[in-house]
Enquirer: 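Got a structure for you, questions after.
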Amino acid sequence: MKKFAIFAVLVGQILCANSNLSQNLEPNFNQICYQSRAKSECNKEAMAHFQTAINTADTALAEKLINQNATFFTPVSKDPLYGGAGYISVVNFMRQSFPDIKWQIKDIVANDAVVAVLWECSGTHERGEFYGKKADGAKFSFSTMNFYYFDENGKITNDVAGEGLAGLLIDLEILK
């Protein structure tokens with residue numbers, strides 16, 4: 001159950017806003033960016049593209065942003081998920097119940113290797129069941145903080161979410 005609650009918070013790592021940029025973004029755009037700008041600024045720009053990838057479930061774009069060997073552990077799969085396709089598979093899982101789910105960057109701080117993002121996630125439970133709860137049209141909105149780690153090529157290698165209040169509720173067995 002603790003994994004589910006962490007996953008619910010981590011859903012924030014997986015969804016955001018604009019148009020399909022995959023065909024317009026160079027596969028090694030961050031390496032190119034690193035040659036002319038500060039890595040921290042390039043990493044922030046990568047996160048704007050990441051927001052688009054998760055909001056549009058654009059696997060091709062995610063694969064340009066996430067290292068193919070990056071490993072993600074979620075309750076969606078008993079086995080680890082890898083790279084951009086693995087990450088987007090979690091987005092697709094969420095969209096089955098919340099087709100309008102959206103993530104928006106509210107604040108962002110970066111250095112050469114790590115980006116901290118404050119996300120706002122919102123959506124509506126419109127379809128199917130989500131962990132036993134039937135769709136009832138309930139709307140949700142929450143904020144979460146995530147840390148994204150970048151490799152020397154400017155690709156995401158890890159994503160760590162803060163549990164915050166959800167961690168407390170889990171430990172007190174209020175949230176199961």
Enquirer: Group every Ile, Leu, Val, Met, Phe, Trp and Tyr by side-chain heavy-atom contacts under 4.5 Å, then state whether Val109 and Met145 land in the same group.
Expert: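 No, because Val109 and Met145 fall into different hydrophobic clusters, even though each may have its own neighbours under 4.5 Å.
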Enquirer: Any idea which heavy atoms bring Phe72 and Gly83 closest together, and the distance?
Expert: CE1-O, 3.8 Å
Enquirer: Between Tyr34 and Asn153, do the side chains contain an N or O donor and an N or O acceptor separated by less than 3.5 Å?
Expert: no
Enquirer: Would you mind reporting whether Leu118 and Ile108 have side-chain heavy atoms less than 4.5 Å apart?
Expert: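 Side chain of Ile108 against side chain of Leu118, heavy atoms only: no contact under 4.5 Å found.
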Enquirer: Under 4.5 Å between any side-chain heavy atoms of Gln96 and Phe130, yes or no?
Expert: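 With C-beta onward as the side chain, the pair stays apart.
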Enquirer: Nearest heavy-atom pair of Val115 and Met47: which atoms, and what distance?
Expert: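 Minimum heavy-atom contact is CG1-CG, 3.6 Å.
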Enquirer: Quick one: does Lys106's side chain get under 4.5 Å of Ser143's, heavy atoms only?
Expert: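 Side-chain contact under 4.5 Å: no.
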Enquirer: Rounded to the nearest 0.5 Å, how far does CG of Leu65 lie from CD of Glu45?
Expert: 10.0 Å
Enquirer: Quick one: pull up CD in Glu152 and CG in Asp112 and give me the separation to the nearest 0.5 Å.
Expert: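 Reported to 0.5 Å precision, the distance equals 13.0 Å.
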Enquirer: With rounding to the nearest 0.5 angstrom, report the CD to CG distance, Glu126 to Asp136.
Expert: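 Reported value, rounded in 0.5 Å steps: 10.5 Å.
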Enquirer: Going from CD on Gln104 to SG on Cys121, what distance comes out if it is rounded to the nearest 0.5 angstrom?
Expert: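 That separation rounds to 11.0 Å.
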Enquirer: If two hydrophobic side chains count as joined below 4.5 Å and joins carry through other members, does Ile105 share a cluster with Ile54?
Expert: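 Result: yes, single cluster for both.
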Enquirer: Can you name the closest pair of heavy atoms from Ile66 and Ala70 and give their distance?
Expert: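 The answer is CG2-CB, 3.8 Å.
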Enquirer: Do Phe140 and His125 have ring centres separated by under 6.0 Å?
Expert: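 No, ring centres 6.0 Å or more apart.
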Enquirer: Do Ile156 and Asn67 come close enough that some side-chain heavy atom pair is under 4.5 Å?
Expert: no
Enquirer: Give a yes or no on whether the backbone of Asp151 and the side-chain of Thr157 come within a donor-acceptor separation of less than 3.5 Å.
Expert: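 No.
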Enquirer: Taking all non-hydrogen atoms of both residues, which atom of Ile88 and which atom of Ala53 are closest, and how far apart?
Expert: CD1-O, 3.7 Å
Enquirer: Hey, can you tell me if Tyr87 and Phe50 have their rings parallel, tilted or perpendicular (30° and 60° cut-offs)?
Expert: perpendicular
Enquirer: I need the minimum non-hydrogen distance between Arg95 and Ile101, along with the two atoms involved.
Expert: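 Result for this residue pair: NH1-O, 3.3 Å.
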Enquirer: Given salt bridge (Lys or Arg N to Asp or Glu O under 4.0 Å), test Glu120 with Lys102 step by step and report yes or no.
Expert: CA-CA 8 Å; Glu120 183 176 298; Lys102 178 181 176 188; over 6 Å; no
Enquirer: At their closest point, which heavy atom of Ala113 faces which heavy atom of Asn43, and how far apart are they?
Expert: N-ND2, 4.1 Å
Enquirer: Indicate if Val91 and Phe142 have the same hydrophobic cluster label, given that clusters are the connected sets of ILVMFWY residues with side-chain heavy-atom separations under 4.5 angstrom.
Expert: yes
Enquirer: Can you tell me how far SG of Cys33 sits from NZ of Lys39, rounded to the nearest 0.5 angstrom?
Expert: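 Here the interatomic distance stands at 11.0 Å.
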Enquirer: In this structure, are over 12 heavy atoms from other groups packed under 6.0 Å from Glu129 atom CD?
Expert: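 Result for CD/Glu129: enclosed.
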Enquirer: Going by distance alone, is a donor N or O of one side chain under 3.5 Å from an acceptor N or O of the other, for Thr124 and Asp100?
Expert: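 The criterion, which ignores hydrogens and geometry beyond distance, is satisfied for Asp100 and Thr124.
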